[in-house]
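Throughout, residue positions are numbered sequentially from 1 according to the sequence presented. Start at 1 and go down the list; that is how both ligands and their atoms are numbered.
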Amino acid sequence: MKIAFIGLGNMGGGMAANLAKAGHEVNAFDLSEDALAAAKDKGCTPFTDAREAVQGADAVVSMLPNGGIVKTVYSDSVIGHAPQGAVLLDCSTIDVATAKEVAAKAEGAGYAMVDAPVSGGIAAANGGTLTFMVGGTPDAFERAEPILQAMGKAVIHAGDAGAGQTAKICNNMLLAISMIGTAEAMKMAQKLGLDPQKFYEISSQSSGYCWSLNAYTPMPGVGVESPADNDYQGGFATALMLKDLRLAMAAADEADAAVPLGARAASLYEDFSGAGNGGLDFSAIIKTY
Ligand code: NAD
């Protein structure tokens, strides 16, 4: 299959390489020359013009920074430029409203399109072990699925256009709340004189059980090994968590959904990131306690 890949950054670089490794012919496009050179080294064909990259493609995959860029790239260079039969897959994390708008425009022009944001960071993108949550028609999903399989370990159809983005931001809002809750409880236990490792042992087998505590313990030397044990380097950056929380707050506003804890989590991450911690893993929020 000939696949055009747009956006070869931290995530897209590894994803495009995995498509090439799976035997696809990958036309790679990015504004960055370094990203293009790296993609070439990994078996992709570099293009300096997006419209040329999508010519003759059976599928177009994008992994871009935000909704504004996704909208511009699809309007200017994909819709009306890729062959009509191509399936379009946007894997970026963007706002639900823009995802729906771009999909509607693509469908209006005769394309099948899915939003397919990912769970998993740079290591999962490189290793081909991402989880994709997919929004789109059953037909679009069926066509996108084998392409996503080549870059991930799980591909789940969430519902209609925009449902992938909805799943992603609701999941990450829950993650932010549970990480803050975990940090708060661990520090409180410690201040009350309880050994944090004992707290971990008890709560991870009690009703406090959750991913943030059991699989990503935010305190160094306690529980499982996590970015906390590496000075909060690597993992999922605070700045990216904040991006997802802002998207969640915008979506909640639009849907008139009550999110008092999500809003509090967004404001705590806003402050933590604003204090110069955007590059640290999001579990470093425990430092504020
Ligand atoms: P990144 O900044 O490393 O990569 C984005 C790439 O897009 C860059 O190479 C940039 O040059 C390119 N780009 C920007 N505008 C462009 C345009 N108009 N045309 C072509 N290329 C353009 O970002 P990333 O970390 O790879 O993240 C990409 C997406 O994945 C984001 O939506 C992010 O929220 C999401 N995401 C990231 C992670 C992570 O851990 N990094 C995890 C899950 C989801």
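- Just one of Val70, Leu64, Ile69 meets the side-chain contact (heavy atoms from CB on, under 4.5 Å) condition when paired with Asn66; it is Ile69.
- For atom 4 (O) of ligand 1, the nearest protein heavy atom (residue, atom name, distance) is Gly9 CA, 3.2 Å.
- Of all protein heavy atoms, the one closest to atom 16 (C) of ligand 1 is Leu31 CD1, 3.5 Å.
- If you look at Leu64 next to ligand 1, the close heavy atoms, those under 4.0 Å, come from the backbone and the side chain alike.
- Protein heavy atom at the shortest distance from atom 35 (C) of ligand 1 is Thr93 OG1, 3.7 Å.
- Closest to atom 42 (C) of ligand 1, if we only count protein heavy atoms, is Gly120 O, 3.5 Å.
- Ligand 1 is never approached by Ser77 to a heavy-atom distance shorter than 4.0 Å.
- Using cut-offs of 30° and 60° for the angle between ring planes, the Phe236 and Phe282 rings count as perpendicular.
- Lys100 has its side chain out of reach of Asp115: every pair of non-hydrogen atoms, C-beta onward, lies at least 4.5 Å apart.
- Using a 4.0 Å threshold on non-hydrogen atoms, atom 23 (O) of ligand 1 does not count as touching the protein.
- Looking only at protein heavy atoms, the nearest one to atom 30 (O) of ligand 1 is Met63 CE, 3.0 Å.
- If you chain together hydrophobic residues whose side chains sit under 4.5 Å apart, Leu89 and Tyr74 never meet in one group.
- The atoms of ligand 1 that sit less than 4.0 Å from any heavy atom of Gly121 are 40 (O).
- Side chains of Leu213 and Ser203 form a contact here, defined as non-hydrogen atoms less than 4.5 Å apart.
- At a 4.0 Å heavy-atom cut-off, ligand 1 does not touch Asn66 at all.
- A heavy-atom distance below 4.5 Å is found between the side chains of Lys187 and Met219.
- Atoms of ligand 1 lying under 4.0 Å from any heavy atom of Phe29, numbered from 1 in the order shown and given with element: 19 (N), 20 (C).
- Under 4.0 angstrom from ligand 1, the non-hydrogen atoms of Pro65 come from both its backbone and its side chain.
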Derivation of the side-chain hydrogen bond (donor to acceptor under 3.5 Å, both in side chains) call for Glu184 and Tyr289
CA-CA 7 Å; Glu184 204 162 291; Tyr289 285 89; 2.5 Å; yes

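- Side-chain atoms of Asp244 do not come within 3.5 Å of backbone N or O of Lys168 as any donor-acceptor pair.
- Annotation for ligand 1: atoms under 4.0 Å from non-hydrogen atoms of Ser92 are 32 (O).
- Residue contact check for ligand 1: Lys168 places a non-hydrogen atom closer than 4.0 Å to it.
- With respect to Val60, the side-chain contact (heavy atoms from CB on, under 4.5 Å) criterion is satisfied by exactly one of Ile3, Val78, Val87: Val78.
- Remark: minimum distance from atom 26 (O) of ligand 1 to any protein heavy atom is reached at Met11 N, 2.8 Å.
- Thr137 OG1 to Arg143 CZ: the interatomic distance, rounded to the nearest 0.5 Å, is 9.0 Å.
- Proximity of atom 2 (O) of ligand 1 to the protein is not indicated, since no non-hydrogen protein atom lies closer than 4.0 angstrom.
- Under 4.0 angstrom from ligand 1, the non-hydrogen atoms of Ile69 all belong to its side chain.
- Listed here is the closest heavy atom pair of Ser77 and Ala50: CB-CB, 3.6 Å.
- Close approach of ligand 1 to Lys243 is summarised as follows: ligand atoms under 4.0 Å from at least one heavy atom of the residue are 31 (C), 32 (O), 33 (C), 34 (O).
- Remark: minimum distance from atom 10 (C) of ligand 1 to any protein heavy atom is reached at Asp30 OD1, 3.5 Å.
- In this structure, the ring of Phe141 has its center no less than 6.0 angstrom from the ring center of Phe132.
- Heavy-atom proximity to Leu240, at under 4.0 Å, picks out these atoms of ligand 1: 38 (C), 39 (C), 40 (O), 41 (N).
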